[in-house]
Amino acid sequence: MKRSPVLLAVLAALLVLLPLLVGNYALSVATLILYFAYTGQAWNVMMGFAGQLSLGHAVYVGVGAYAAGSLFFHYGIGPWAGVCLAIALCVALGLVIGFLAFRFRISGVYFALLTIAFAEFTRIGFDHLDWTGGPGGMFLRVAQRDTWDLANFRGPPLMYYYAMLALAAGAFALCAWLLRSRAGYYWQAIREDEEAAQALGINTFRWKLLAVAISAAMTAVAGVFFAFYYNNLFPEQIFHISRSIEIILGPVIGGVGTLFGPVLGATVLTLLSDGITEALAAVGWEIPGIKQVFYGVVLLAVVMFLPNGIWPALARRLRL
Amino acid sequence: MSLLDVRSVSKHFRGLRAVHEVSFDVAEGGIQGLIGPNGAGKTTTFNMIAGVYAPDTGQILFAGRAIHGLRPDEICAAGIGRTFQIVKPFAGLSVLDNVMVGAFLRERHAANARAAAAKILERLGLGAKRDLPASSLTLPDRKRLEVARALATRPKLLLLDEVMAGLRPTECDQMVAVFRELNRADGTTILLIEHVMRAVMALARQIAVLHHGALIARGTPEQVVRDAAVLECYLGEETEI
(Lines give C-alpha, C1' and ligand atoms only; values in the text may rest on other atoms or scores of the structure.)
Protein backbone atom coordinates (compact mmCIF):
# COMPACT_ATOMS: atom_id res chain seq x y z
CA MET A 1 0.00 0.00 0.00
CA LYS A 2 3.07 2.29 0.13
CA ARG A 3 2.87 3.15 -3.56
CA SER A 4 -0.75 4.31 -3.50
CA PRO A 5 -0.06 7.82 -2.09
CA VAL A 6 2.65 8.38 -4.72
CA LEU A 7 0.30 7.30 -7.49
CA LEU A 8 -2.39 9.60 -6.11
CA ALA A 9 -0.04 12.60 -5.92
CA VAL A 10 1.12 12.09 -9.53
CA LEU A 11 -2.47 11.71 -10.70
CA ALA A 12 -3.60 14.84 -8.82
CA ALA A 13 -0.73 16.94 -10.21
CA LEU A 14 -1.45 15.70 -13.72
CA LEU A 15 -5.14 16.55 -13.44
CA VAL A 16 -4.49 20.03 -12.04
CA LEU A 17 -2.02 20.80 -14.85
CA LEU A 18 -4.05 19.11 -17.59
CA PRO A 19 -5.68 22.34 -18.93
CA LEU A 20 -2.17 23.68 -19.72
CA LEU A 21 -1.43 20.64 -21.81
CA VAL A 22 -4.58 19.99 -23.83
CA GLY A 23 -7.22 21.80 -25.83
CA ASN A 24 -10.91 22.42 -25.18
CA TYR A 25 -12.16 19.20 -26.70
CA ALA A 26 -9.89 17.05 -24.55
CA LEU A 27 -10.88 19.15 -21.55
CA SER A 28 -14.55 18.41 -22.15
CA VAL A 29 -13.76 14.70 -22.35
CA ALA A 30 -11.78 14.99 -19.11
CA THR A 31 -14.73 16.78 -17.46
CA LEU A 32 -16.99 13.94 -18.52
CA ILE A 33 -14.56 11.37 -17.13
CA LEU A 34 -14.46 13.19 -13.80
CA TYR A 35 -18.25 13.43 -13.80
CA PHE A 36 -18.58 9.66 -14.16
CA ALA A 37 -15.79 9.06 -11.67
CA TYR A 38 -17.77 11.17 -9.22
CA THR A 39 -21.19 9.58 -9.79
CA GLY A 40 -19.57 6.14 -9.83
CA GLN A 41 -17.99 6.87 -6.47
CA ALA A 42 -21.40 7.95 -5.12
CA TRP A 43 -23.09 4.77 -6.37
CA ASN A 44 -20.23 2.70 -5.00
CA VAL A 45 -21.05 3.85 -1.45
CA MET A 46 -24.36 2.04 -1.71
CA MET A 47 -23.44 -1.00 -3.77
CA GLY A 48 -19.69 -1.39 -3.37
CA PHE A 49 -19.59 -0.65 0.34
CA ALA A 50 -23.01 -1.58 1.71
CA GLY A 51 -24.04 -4.11 -0.95
CA GLN A 52 -27.33 -2.43 -1.89
CA LEU A 53 -27.81 -2.54 -5.66
CA SER A 54 -29.37 0.64 -7.05
CA LEU A 55 -30.32 0.65 -10.72
CA GLY A 56 -32.10 3.97 -10.43
CA HIS A 57 -29.42 6.47 -9.52
CA ALA A 58 -30.53 8.71 -12.38
CA VAL A 59 -33.41 9.70 -10.11
CA TYR A 60 -31.01 11.54 -7.80
CA VAL A 61 -29.21 13.19 -10.71
CA GLY A 62 -32.56 14.29 -12.14
CA VAL A 63 -34.17 15.50 -8.92
CA GLY A 64 -30.95 17.33 -7.99
CA ALA A 65 -30.72 18.92 -11.44
CA TYR A 66 -34.36 19.97 -11.51
CA ALA A 67 -34.28 21.29 -7.92
CA ALA A 68 -31.34 23.64 -8.51
CA GLY A 69 -32.42 24.32 -12.10
CA SER A 70 -35.94 25.37 -11.06
CA LEU A 71 -34.65 27.74 -8.39
CA PHE A 72 -32.43 29.40 -10.98
CA PHE A 73 -34.99 29.35 -13.77
CA HIS A 74 -37.94 30.71 -11.76
CA TYR A 75 -36.30 32.88 -9.11
CA GLY A 76 -32.78 33.53 -10.33
CA ILE A 77 -31.37 31.86 -7.23
CA GLY A 78 -27.86 30.54 -7.85
CA PRO A 79 -26.76 26.94 -7.47
CA TRP A 80 -25.27 27.34 -3.99
CA ALA A 81 -28.74 27.52 -2.48
CA GLY A 82 -29.86 25.10 -5.18
CA VAL A 83 -27.37 22.45 -4.15
CA CYS A 84 -28.70 22.58 -0.56
CA LEU A 85 -32.25 22.06 -1.80
CA ALA A 86 -31.08 19.32 -4.17
CA ILE A 87 -29.30 17.45 -1.39
CA ALA A 88 -32.26 17.81 0.98
CA LEU A 89 -34.75 16.50 -1.60
CA CYS A 90 -32.55 13.62 -2.74
CA VAL A 91 -31.74 12.51 0.79
CA ALA A 92 -35.46 12.59 1.62
CA LEU A 93 -36.24 10.57 -1.50
CA GLY A 94 -33.45 8.09 -0.78
CA LEU A 95 -34.67 7.65 2.77
CA VAL A 96 -38.22 6.96 1.55
CA ILE A 97 -36.98 4.31 -0.90
CA GLY A 98 -34.61 2.85 1.68
CA PHE A 99 -37.22 2.86 4.43
CA LEU A 100 -39.77 1.05 2.27
CA ALA A 101 -37.23 -1.50 1.08
CA PHE A 102 -35.44 -2.23 4.34
CA ARG A 103 -38.55 -2.07 6.52
CA PHE A 104 -40.27 -4.68 4.37
CA ARG A 105 -37.07 -6.64 3.80
CA ILE A 106 -36.90 -6.12 0.07
CA SER A 107 -33.35 -6.99 -0.94
CA GLY A 108 -31.17 -8.01 -3.85
CA VAL A 109 -32.88 -8.01 -7.23
CA TYR A 110 -36.16 -6.80 -5.77
CA PHE A 111 -34.46 -3.81 -4.20
CA ALA A 112 -32.91 -3.01 -7.58
CA LEU A 113 -36.35 -3.22 -9.19
CA LEU A 114 -37.73 -0.82 -6.59
CA THR A 115 -35.02 1.72 -7.41
CA ILE A 116 -35.85 1.42 -11.12
CA ALA A 117 -39.53 1.90 -10.34
CA PHE A 118 -38.85 5.10 -8.40
CA ALA A 119 -36.70 6.50 -11.20
CA GLU A 120 -39.36 5.63 -13.77
CA PHE A 121 -42.35 7.14 -12.01
CA THR A 122 -40.36 10.23 -11.14
CA ARG A 123 -39.61 10.56 -14.85
CA ILE A 124 -43.30 10.23 -15.67
CA GLY A 125 -44.12 12.68 -12.88
CA PHE A 126 -41.78 15.30 -14.35
CA ASP A 127 -43.26 14.70 -17.79
CA HIS A 128 -46.54 15.99 -16.37
CA LEU A 129 -45.14 18.80 -14.25
CA ASP A 130 -45.69 22.03 -16.16
CA TRP A 131 -43.77 24.09 -13.59
CA THR A 132 -40.52 22.47 -14.74
CA GLY A 133 -41.45 22.56 -18.41
CA GLY A 134 -42.91 19.05 -18.69
CA PRO A 135 -41.62 16.88 -21.55
CA GLY A 136 -40.57 20.02 -23.44
CA GLY A 137 -37.74 20.51 -21.00
CA MET A 138 -36.26 23.34 -18.99
CA PHE A 139 -33.61 25.68 -20.37
CA LEU A 140 -31.32 27.65 -18.12
CA ARG A 141 -30.24 31.09 -19.25
CA VAL A 142 -26.60 31.37 -20.29
CA ALA A 143 -25.64 35.03 -19.86
CA GLN A 144 -21.93 34.78 -20.44
CA ARG A 145 -19.22 32.20 -20.93
CA ASP A 146 -16.07 34.29 -20.55
CA THR A 147 -15.42 35.12 -16.90
CA TRP A 148 -15.68 32.94 -13.82
CA ASP A 149 -18.99 33.75 -12.11
CA LEU A 150 -18.84 31.34 -9.20
CA ALA A 151 -21.97 32.71 -7.50
CA ASN A 152 -24.11 31.65 -10.46
CA PHE A 153 -21.75 28.90 -11.64
CA ARG A 154 -21.34 30.46 -15.05
CA GLY A 155 -18.01 30.54 -16.85
CA PRO A 156 -15.66 28.98 -19.39
CA PRO A 157 -15.16 25.20 -19.75
CA LEU A 158 -12.07 25.51 -17.58
CA MET A 159 -14.22 26.46 -14.58
CA TYR A 160 -16.44 23.40 -15.03
CA TYR A 161 -13.38 21.21 -15.36
CA TYR A 162 -11.90 22.43 -12.10
CA ALA A 163 -15.27 22.26 -10.34
CA MET A 164 -15.67 18.64 -11.43
CA LEU A 165 -12.09 17.88 -10.46
CA ALA A 166 -12.72 19.28 -6.98
CA LEU A 167 -15.92 17.23 -6.66
CA ALA A 168 -14.26 14.01 -7.84
CA ALA A 169 -11.28 14.54 -5.54
CA GLY A 170 -13.60 15.39 -2.65
CA ALA A 171 -15.69 12.28 -3.27
CA PHE A 172 -12.55 10.15 -3.41
CA ALA A 173 -11.30 11.57 -0.11
CA LEU A 174 -14.72 11.18 1.51
CA CYS A 175 -14.99 7.55 0.40
CA ALA A 176 -11.44 6.80 1.52
CA TRP A 177 -12.26 8.21 4.94
CA LEU A 178 -15.62 6.41 5.15
CA LEU A 179 -14.04 3.10 4.23
CA ARG A 180 -11.56 3.36 7.10
CA SER A 181 -14.16 4.45 9.63
CA ARG A 182 -16.71 2.47 11.59
CA ALA A 183 -19.31 3.14 8.88
CA GLY A 184 -17.11 1.51 6.23
CA TYR A 185 -16.52 -1.59 8.33
CA TYR A 186 -20.21 -1.87 9.20
CA TRP A 187 -21.28 -1.47 5.57
CA GLN A 188 -18.85 -4.11 4.37
CA ALA A 189 -20.02 -6.47 7.12
CA ILE A 190 -23.63 -5.94 5.98
CA ARG A 191 -22.56 -6.52 2.37
CA GLU A 192 -20.78 -9.77 3.22
CA ASP A 193 -23.35 -11.27 5.61
CA GLU A 194 -26.21 -9.25 7.00
CA GLU A 195 -27.24 -11.81 9.62
CA ALA A 196 -23.73 -12.06 11.03
CA ALA A 197 -23.46 -8.26 11.00
CA GLN A 198 -26.63 -7.95 13.03
CA ALA A 199 -25.39 -10.51 15.53
CA LEU A 200 -22.38 -8.24 16.15
CA GLY A 201 -24.61 -5.43 17.35
CA ILE A 202 -25.05 -3.59 14.06
CA ASN A 203 -28.44 -1.97 13.51
CA THR A 204 -28.40 -2.94 9.84
CA PHE A 205 -31.55 -0.96 9.02
CA ARG A 206 -30.03 2.31 10.23
CA TRP A 207 -26.62 1.79 8.61
CA LYS A 208 -28.12 0.84 5.26
CA LEU A 209 -30.24 3.99 5.35
CA LEU A 210 -27.11 6.02 6.05
CA ALA A 211 -25.42 4.53 2.97
CA VAL A 212 -28.43 5.44 0.83
CA ALA A 213 -28.54 8.98 2.26
CA ILE A 214 -24.85 9.66 1.62
CA SER A 215 -25.01 8.16 -1.86
CA ALA A 216 -28.14 10.18 -2.72
CA ALA A 217 -26.63 13.42 -1.38
CA MET A 218 -23.46 12.94 -3.43
CA THR A 219 -25.41 12.14 -6.58
CA ALA A 220 -27.65 15.19 -6.05
CA VAL A 221 -24.56 17.42 -6.31
CA ALA A 222 -23.73 15.76 -9.64
CA GLY A 223 -27.26 16.63 -10.76
CA VAL A 224 -26.72 20.31 -9.94
CA PHE A 225 -23.49 20.25 -11.92
CA PHE A 226 -25.31 18.58 -14.81
CA ALA A 227 -28.00 21.28 -14.84
CA PHE A 228 -25.52 24.17 -14.94
CA TYR A 229 -23.11 22.47 -17.31
CA TYR A 230 -25.58 21.39 -19.98
CA ASN A 231 -28.22 24.06 -19.26
CA ASN A 232 -31.08 21.98 -20.58
CA LEU A 233 -33.05 19.30 -18.79
CA PHE A 234 -35.50 16.81 -20.26
CA PRO A 235 -37.24 14.17 -18.12
CA GLU A 236 -36.93 11.60 -20.93
CA GLN A 237 -33.20 12.09 -20.95
CA ILE A 238 -32.10 12.72 -17.40
CA PHE A 239 -34.24 10.08 -15.65
CA HIS A 240 -33.80 7.43 -18.33
CA ILE A 241 -32.58 4.04 -17.16
CA SER A 242 -29.63 4.25 -19.55
CA ARG A 243 -28.44 7.18 -17.38
CA SER A 244 -28.52 4.95 -14.33
CA ILE A 245 -26.63 2.25 -16.22
CA GLU A 246 -23.99 4.79 -17.31
CA ILE A 247 -23.37 5.63 -13.66
CA ILE A 248 -22.97 1.97 -12.78
CA LEU A 249 -20.72 0.89 -15.64
CA GLY A 250 -17.66 2.80 -14.42
CA PRO A 251 -17.40 1.17 -10.98
CA VAL A 252 -18.46 -2.24 -12.35
CA ILE A 253 -15.72 -2.22 -14.98
CA GLY A 254 -13.19 -0.59 -12.68
CA GLY A 255 -13.92 -2.64 -9.57
CA VAL A 256 -16.98 -2.54 -7.30
CA GLY A 257 -16.18 -1.60 -3.71
CA THR A 258 -12.73 -0.20 -4.48
CA LEU A 259 -11.70 3.46 -4.31
CA PHE A 260 -9.84 3.57 -7.63
CA GLY A 261 -12.37 1.39 -9.47
CA PRO A 262 -14.90 4.14 -10.28
CA VAL A 263 -12.11 6.50 -11.41
CA LEU A 264 -10.41 3.91 -13.58
CA GLY A 265 -13.70 2.59 -14.95
CA ALA A 266 -14.91 6.06 -15.90
CA THR A 267 -11.61 6.78 -17.64
CA VAL A 268 -11.54 3.54 -19.59
CA LEU A 269 -15.18 3.71 -20.65
CA THR A 270 -15.21 7.36 -21.69
CA LEU A 271 -11.96 7.06 -23.64
CA LEU A 272 -13.17 3.84 -25.19
CA SER A 273 -16.46 5.36 -26.26
CA ASP A 274 -14.67 8.36 -27.75
CA GLY A 275 -11.96 6.20 -29.23
CA ILE A 276 -14.45 3.96 -31.00
CA THR A 277 -16.25 6.98 -32.42
CA GLU A 278 -12.96 8.40 -33.72
CA ALA A 279 -11.78 5.08 -35.08
CA LEU A 280 -15.05 4.44 -36.88
CA ALA A 281 -14.94 7.92 -38.36
CA ALA A 282 -11.37 7.30 -39.54
CA VAL A 283 -12.28 3.98 -41.14
CA GLY A 284 -15.41 5.52 -42.60
CA TRP A 285 -17.93 2.96 -41.35
CA GLU A 286 -21.38 4.39 -40.93
CA ILE A 287 -23.38 1.37 -39.88
CA PRO A 288 -26.05 2.37 -37.33
CA GLY A 289 -25.42 0.86 -33.90
CA ILE A 290 -21.89 -0.33 -34.71
CA LYS A 291 -20.48 1.81 -31.92
CA GLN A 292 -22.75 0.14 -29.36
CA VAL A 293 -21.72 -3.29 -30.63
CA PHE A 294 -18.01 -2.54 -30.15
CA TYR A 295 -18.67 -0.99 -26.79
CA GLY A 296 -20.68 -4.04 -25.72
CA VAL A 297 -18.01 -6.47 -26.88
CA VAL A 298 -15.34 -4.69 -24.84
CA LEU A 299 -17.57 -4.64 -21.76
CA LEU A 300 -18.28 -8.32 -22.22
CA ALA A 301 -14.56 -9.10 -22.45
CA VAL A 302 -13.77 -7.15 -19.28
CA VAL A 303 -16.58 -8.79 -17.34
CA MET A 304 -15.55 -12.26 -18.56
CA PHE A 305 -11.83 -11.99 -17.98
CA LEU A 306 -11.76 -9.60 -15.02
CA PRO A 307 -14.96 -10.34 -13.11
CA ASN A 308 -13.81 -8.23 -10.15
CA GLY A 309 -13.01 -5.28 -12.38
CA ILE A 310 -9.84 -3.84 -13.83
CA TRP A 311 -8.52 -2.18 -10.69
CA PRO A 312 -8.08 -5.28 -8.44
CA ALA A 313 -6.16 -7.02 -11.25
CA LEU A 314 -4.08 -3.94 -11.97
CA ALA A 315 -3.36 -3.32 -8.29
CA ARG A 316 -2.01 -6.85 -7.99
CA ARG A 317 0.24 -6.29 -11.00
CA LEU A 318 1.54 -3.00 -9.65
CA ARG A 319 1.79 -4.49 -6.17
CA LEU A 320 -0.03 -1.57 -4.60
CA MET B 1 -27.45 -15.13 40.93
CA SER B 2 -28.46 -16.12 37.42
CA LEU B 3 -27.30 -13.97 34.54
CA LEU B 4 -29.68 -15.53 32.04
CA ASP B 5 -33.11 -16.72 33.05
CA VAL B 6 -35.20 -18.58 30.51
CA ARG B 7 -38.77 -18.87 31.81
CA SER B 8 -41.11 -21.39 30.20
CA VAL B 9 -40.52 -20.25 26.63
CA SER B 10 -42.34 -21.90 23.73
CA LYS B 11 -41.96 -21.59 20.00
CA HIS B 12 -44.13 -23.24 17.39
CA PHE B 13 -43.55 -23.25 13.66
CA ARG B 14 -46.98 -23.80 12.10
CA GLY B 15 -47.92 -27.19 13.51
CA LEU B 16 -44.46 -28.09 14.75
CA ARG B 17 -43.85 -27.73 18.45
CA ALA B 18 -40.17 -26.80 18.29
CA VAL B 19 -39.77 -25.72 21.90
CA HIS B 20 -42.39 -26.19 24.59
CA GLU B 21 -42.35 -24.59 28.04
CA VAL B 22 -38.60 -24.76 28.49
CA SER B 23 -37.08 -23.17 31.59
CA PHE B 24 -33.49 -23.03 32.72
CA ASP B 25 -31.05 -20.48 33.97
CA VAL B 26 -27.35 -19.78 33.59
CA ALA B 27 -25.47 -18.69 36.70
CA GLU B 28 -23.27 -15.62 36.44
CA GLY B 29 -19.74 -16.83 35.78
CA GLY B 30 -21.00 -20.32 34.98
CA ILE B 31 -20.62 -22.62 32.01
CA GLN B 32 -23.90 -24.19 31.01
CA GLY B 33 -24.31 -26.86 28.38
CA LEU B 34 -27.46 -27.40 26.35
CA ILE B 35 -27.60 -30.84 24.76
CA GLY B 36 -30.10 -33.12 23.08
CA PRO B 37 -30.56 -35.26 19.98
CA ASN B 38 -31.12 -33.76 16.54
CA GLY B 39 -34.35 -31.80 16.34
CA ALA B 40 -34.61 -31.43 20.12
CA GLY B 41 -35.06 -27.65 19.86
CA LYS B 42 -31.58 -26.57 20.93
CA THR B 43 -30.98 -24.18 18.07
CA THR B 44 -34.50 -22.76 18.31
CA THR B 45 -33.94 -22.06 22.01
CA PHE B 46 -30.60 -20.53 21.17
CA ASN B 47 -32.12 -18.35 18.46
CA MET B 48 -34.79 -17.08 20.84
CA ILE B 49 -32.10 -15.99 23.29
CA ALA B 50 -30.09 -14.38 20.47
CA GLY B 51 -33.14 -12.47 19.20
CA VAL B 52 -33.55 -14.25 15.87
CA TYR B 53 -37.09 -15.30 16.88
CA ALA B 54 -39.35 -13.90 19.56
CA PRO B 55 -40.79 -16.68 21.76
CA ASP B 56 -44.54 -17.31 21.36
CA THR B 57 -44.93 -17.41 25.11
CA GLY B 58 -42.60 -17.13 28.09
CA GLN B 59 -39.90 -14.71 29.13
CA ILE B 60 -36.15 -14.41 28.80
CA LEU B 61 -34.37 -12.24 31.36
CA PHE B 62 -30.76 -11.12 31.04
CA ALA B 63 -29.24 -9.54 34.14
CA GLY B 64 -32.79 -9.02 35.40
CA ARG B 65 -33.99 -7.27 32.23
CA ALA B 66 -36.54 -8.77 29.81
CA ILE B 67 -34.86 -9.27 26.44
CA HIS B 68 -37.32 -11.52 24.59
CA GLY B 69 -38.51 -9.88 21.39
CA LEU B 70 -35.49 -7.60 21.03
CA ARG B 71 -33.60 -7.56 17.73
CA PRO B 72 -30.30 -9.48 17.43
CA ASP B 73 -28.27 -6.26 17.42
CA GLU B 74 -30.01 -5.06 20.58
CA ILE B 75 -29.33 -8.41 22.25
CA CYS B 76 -25.67 -8.11 21.31
CA ALA B 77 -25.47 -4.55 22.59
CA ALA B 78 -27.03 -5.74 25.86
CA GLY B 79 -24.03 -8.03 26.33
CA ILE B 80 -24.78 -11.38 24.67
CA GLY B 81 -22.35 -12.52 21.97
CA ARG B 82 -23.11 -15.46 19.70
CA THR B 83 -21.47 -17.71 17.14
CA PHE B 84 -23.19 -19.41 14.22
CA GLN B 85 -23.38 -23.18 13.81
CA ILE B 86 -22.72 -22.75 10.10
CA VAL B 87 -19.86 -20.28 10.26
CA LYS B 88 -20.50 -16.88 8.69
CA PRO B 89 -17.19 -15.13 8.14
CA PHE B 90 -17.18 -11.83 6.23
CA ALA B 91 -15.38 -13.64 3.43
CA GLY B 92 -14.14 -10.60 1.54
CA LEU B 93 -12.54 -8.99 4.59
CA SER B 94 -9.29 -9.85 6.31
CA VAL B 95 -9.29 -11.82 9.55
CA LEU B 96 -8.41 -8.69 11.50
CA ASP B 97 -11.14 -6.64 9.80
CA ASN B 98 -13.68 -9.35 10.63
CA VAL B 99 -12.91 -9.01 14.32
CA MET B 100 -12.74 -5.20 14.10
CA VAL B 101 -16.38 -5.18 13.01
CA GLY B 102 -17.23 -6.74 16.36
CA ALA B 103 -14.88 -4.46 18.28
CA PHE B 104 -16.54 -1.32 16.86
CA LEU B 105 -19.53 -2.00 19.12
CA ARG B 106 -17.54 -0.80 22.13
CA GLU B 107 -14.78 1.24 20.44
CA ARG B 108 -15.80 4.03 18.09
CA HIS B 109 -12.32 4.78 16.74
CA ALA B 110 -10.69 2.51 14.21
CA ALA B 111 -7.29 2.54 15.94
CA ASN B 112 -8.78 1.38 19.25
CA ALA B 113 -10.96 -1.21 17.56
CA ARG B 114 -7.93 -2.51 15.66
CA ALA B 115 -5.89 -2.83 18.85
CA ALA B 116 -8.72 -4.64 20.66
CA ALA B 117 -9.22 -6.98 17.71
CA ALA B 118 -5.51 -7.78 17.45
CA LYS B 119 -5.39 -8.68 21.13
CA ILE B 120 -8.31 -11.10 20.79
CA LEU B 121 -6.76 -12.74 17.72
CA GLU B 122 -3.54 -13.36 19.63
CA ARG B 123 -5.52 -14.97 22.38
CA LEU B 124 -7.25 -17.35 20.01
CA GLY B 125 -4.05 -18.23 18.19
CA LEU B 126 -5.01 -16.43 15.00
CA GLY B 127 -2.46 -13.62 15.36
CA ALA B 128 -0.24 -14.84 12.54
CA LYS B 129 -3.20 -15.04 10.16
CA ARG B 130 -4.65 -11.60 10.82
CA ASP B 131 -3.94 -10.19 7.36
CA LEU B 132 -5.24 -13.17 5.40
CA PRO B 133 -8.68 -12.96 3.80
CA ALA B 134 -11.21 -14.77 5.96
CA SER B 135 -12.19 -16.89 2.97
CA SER B 136 -8.75 -18.55 3.00
CA LEU B 137 -9.10 -19.98 6.53
CA THR B 138 -9.58 -23.67 7.29
CA LEU B 139 -12.70 -24.80 9.14
CA PRO B 140 -11.10 -24.89 12.63
CA ASP B 141 -9.74 -21.38 12.06
CA ARG B 142 -13.12 -20.18 10.85
CA LYS B 143 -14.66 -21.50 14.05
CA ARG B 144 -12.03 -19.61 16.03
CA LEU B 145 -12.79 -16.51 13.99
CA GLU B 146 -16.48 -16.84 14.89
CA VAL B 147 -15.53 -16.88 18.56
CA ALA B 148 -13.04 -14.02 18.18
CA ARG B 149 -15.64 -11.84 16.47
CA ALA B 150 -18.23 -12.52 19.16
CA LEU B 151 -15.68 -11.85 21.91
CA ALA B 152 -14.78 -8.52 20.33
CA THR B 153 -18.25 -7.24 21.27
CA ARG B 154 -17.19 -7.80 24.91
CA PRO B 155 -20.09 -10.04 25.89
CA LYS B 156 -20.99 -10.89 29.47
CA LEU B 157 -22.63 -14.03 28.12
CA LEU B 158 -21.18 -15.98 25.22
CA LEU B 159 -23.54 -18.24 23.25
CA LEU B 160 -21.70 -20.99 21.40
CA ASP B 161 -23.63 -22.94 18.76
CA GLU B 162 -21.82 -26.23 18.04
CA VAL B 163 -18.50 -24.52 17.92
CA MET B 164 -16.63 -27.84 18.30
CA ALA B 165 -18.42 -29.64 15.47
CA GLY B 166 -16.02 -30.77 12.77
CA LEU B 167 -12.90 -30.23 14.87
CA ARG B 168 -10.31 -32.94 15.52
CA PRO B 169 -9.95 -34.06 19.16
CA THR B 170 -6.74 -32.03 19.68
CA GLU B 171 -8.30 -28.93 18.13
CA CYS B 172 -11.34 -29.50 20.28
CA ASP B 173 -9.15 -29.64 23.40
CA GLN B 174 -7.47 -26.37 22.42
CA MET B 175 -10.87 -24.70 22.11
CA VAL B 176 -11.91 -26.09 25.49
CA ALA B 177 -8.76 -24.57 26.99
CA VAL B 178 -9.56 -21.20 25.40
CA PHE B 179 -13.07 -21.16 26.88
CA ARG B 180 -11.86 -22.26 30.30
CA GLU B 181 -9.34 -19.44 30.26
CA LEU B 182 -11.98 -16.91 29.17
CA ASN B 183 -14.30 -18.04 31.88
CA ARG B 184 -11.63 -18.04 34.57
CA ALA B 185 -9.71 -14.87 33.67
CA ASP B 186 -12.51 -12.62 32.37
CA GLY B 187 -15.46 -14.16 34.17
CA THR B 188 -17.30 -14.60 30.86
CA THR B 189 -20.42 -16.69 31.32
CA ILE B 190 -20.87 -19.35 28.64
CA LEU B 191 -23.88 -21.19 27.26
CA LEU B 192 -22.92 -23.85 24.77
CA ILE B 193 -24.98 -26.04 22.51
CA GLU B 194 -22.90 -29.04 21.65
CA HIS B 195 -23.06 -32.43 20.04
CA VAL B 196 -19.47 -33.30 20.92
CA MET B 197 -19.93 -34.87 24.34
CA ARG B 198 -16.19 -34.80 24.99
CA ALA B 199 -16.29 -30.99 24.95
CA VAL B 200 -19.48 -30.62 26.97
CA MET B 201 -18.27 -33.00 29.66
CA ALA B 202 -14.94 -31.20 29.88
CA LEU B 203 -16.38 -27.69 30.00
CA ALA B 204 -19.88 -27.51 31.38
CA ARG B 205 -20.60 -27.33 35.08
CA GLN B 206 -24.32 -27.55 34.49
CA ILE B 207 -26.15 -29.27 31.66
CA ALA B 208 -29.73 -28.98 30.46
CA VAL B 209 -31.08 -31.71 28.20
CA LEU B 210 -33.77 -31.08 25.59
CA HIS B 211 -35.80 -33.77 23.84
CA HIS B 212 -38.70 -33.17 21.42
CA GLY B 213 -38.75 -29.51 22.42
CA ALA B 214 -39.08 -30.16 26.15
CA LEU B 215 -36.58 -30.04 28.97
CA ILE B 216 -36.11 -33.58 30.30
CA ALA B 217 -33.18 -33.23 32.69
CA ARG B 218 -30.90 -30.72 34.38
CA GLY B 219 -27.86 -31.13 36.57
CA THR B 220 -24.11 -31.62 36.66
CA PRO B 221 -22.52 -33.67 33.87
CA GLU B 222 -22.26 -36.67 36.22
CA GLN B 223 -25.94 -36.48 37.16
CA VAL B 224 -27.09 -36.05 33.59
CA VAL B 225 -25.23 -39.06 32.18
CA ARG B 226 -26.83 -41.26 34.81
CA ASP B 227 -30.33 -39.88 34.27
CA ALA B 228 -32.71 -42.55 33.03
CA ALA B 229 -34.67 -40.20 30.75
CA VAL B 230 -31.48 -38.94 29.14
CA LEU B 231 -30.15 -42.44 28.56
CA GLU B 232 -33.45 -43.38 27.02
CA CYS B 233 -33.52 -40.55 24.50
CA TYR B 234 -29.90 -41.00 23.51
CA LEU B 235 -29.62 -44.79 23.61
CA GLY B 236 -33.22 -45.95 23.32
CA GLU B 237 -35.32 -47.89 25.84
CA GLU B 238 -33.76 -50.94 27.43
CA THR B 239 -36.73 -53.14 26.66
CA GLU B 240 -36.58 -52.35 22.97
CA ILE B 241 -35.11 -55.15 20.92
Side-chain angles (χ1 to χ4, degrees), chain A residues 1-2 44 47-53 102-105 173-211 251 255-259 261 307-309 311-313 315-316 319-320, chain B residues 46-47 49-52 70-94 96-114 117 131 133-135 142 145-155 158-159 161:
Chain A
M1 293 306 277
K2 287 282 147 44
N44 205 28
M47 177 59 197
F49 297 178
Q52 307 302 313
L53 175 58
F102 306 146
R103 171 70 184 75
F104 298 104
R105 291 168 198 222
L174 175 68
C175 287
W177 176 75
L178 283 171
L179 211 48
R180 282 172 181 75
S181 71
R182 190 163 68 125
Y185 279 85
Y186 275 12
W187 286 333
Q188 291 181 85
I190 291 168
R191 180 191 73 197
E192 295 289 320
D193 193 318
E194 190 162 346
E195 197 185 352
Q198 208 178 11
L200 294 174
I202 301 171
N203 184 339
T204 54
F205 177 77
R206 221 181 64 190
W207 287 95
K208 284 193 288 187
L209 277 186
L210 181 69
V256 176
T258 64
L259 285 172
N308 296 320
W311 175 252
R316 228 175 297 126
R319 265 174 272 137
L320 286 168
Chain B
F46 187 97
N47 278 333
I49 300 169
V52 177
L70 293 182
R71 290 192 311 268
D73 55 296
E74 294 171 318
I75 300 274
C76 180
I80 300 180
R82 70 162 294 179
T83 65
F84 287 91
Q85 182 180 353
I86 296 157
V87 291
K88 288 174 168 288
F90 303 128
L93 305 185
S94 75
L96 182 68
D97 288 350
N98 263 265
V99 183
M100 276 179 76
V101 172
F104 270 116
L105 182 65
R106 311 291 179 198
E107 300 280 1
R108 294 293 151 107
H109 295 289
N112 297 344
R114 187 172 291 116
D131 294 323
S135 54
R142 284 178 193 219
L145 180 60
E146 280 282 314
V147 177
R149 225 168 41 178
L151 281 180
T153 65
R154 287 203 215 132
L158 186 58
L159 303 180
D161 193 357

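Heavy atoms only: backbone and side chains are in, while hydrogens, waters and symmetry mates are out. None of the values given here were measured: they were computed from a predicted structure.
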S.K.: Please lay out, stage by stage, how B:Glu146 and B:Arg82 fare under the test salt bridge (charged side-chain N to carboxylate O under 4.0 Å, His left out).
M.R.: CA-CA 8 Å; B:Glu146 280 282 314; B:Arg82 70 162 294 179; over 6 Å; no
S.K.: I'd like to know if A:Glu194 and A:Arg105 make a salt bridge, using a cut-off of under 4.0 Å between side-chain N and carboxylate O.
M.R.: no
S.K.: Tell me, side chain or backbone of B:Ala91 under 4.5 Å from chain A's heavy atoms, or both, or neither?
M.R.: both
S.K.: Please, which pairs that meet salt bridge (charged side-chain N to carboxylate O under 4.0 Å, His left out) have at least one residue in residues 83-93 of chain B, sequence neighbours excluded?
M.R.: A:Asp193-B:Lys88, A:Glu195-B:Lys88
S.K.: Need one label for B:Phe84: side chain, backbone, both or neither, based on atoms under 4.5 Å from any heavy atom in chain A.
M.R.: side chain
S.K.: Which residue, A:Phe49, A:Tyr186, A:Tyr185, forms the ring-ring contact (aromatic ring centres under 6.0 Å, His included) with A:Trp207?
M.R.: A:Tyr186
S.K.: Can you say whether B:Arg106 sits under 4.5 Å from chain A via the side chain, the backbone, both, or neither, judging by heavy atoms?
M.R.: neither
S.K.: Taking only residues two or more places apart in sequence, or in another chain, which ones meet B:Phe90 in a ring pair (Phe, Tyr, Trp, His ring centres under 6.0 Å)?
M.R.: none
S.K.: Can you tell me which of B:Gly51, B:Ala134, B:Gly92 forms the most heavy-atom pairs within a distance under 4.5 Å of chain A?
M.R.: B:Gly92
S.K.: Just give me the residue among B:Thr153, B:Asp97, B:Ile75 that pairs up with chain A most often, heavy atom to heavy atom, under 4.5 Å.
M.R.: B:Asp97
S.K.: Tell me, for B:Arg71 versus chain A, whether the close heavy atoms (under 4.5 Å) come from the side chain, the backbone, both or neither.
M.R.: side chain
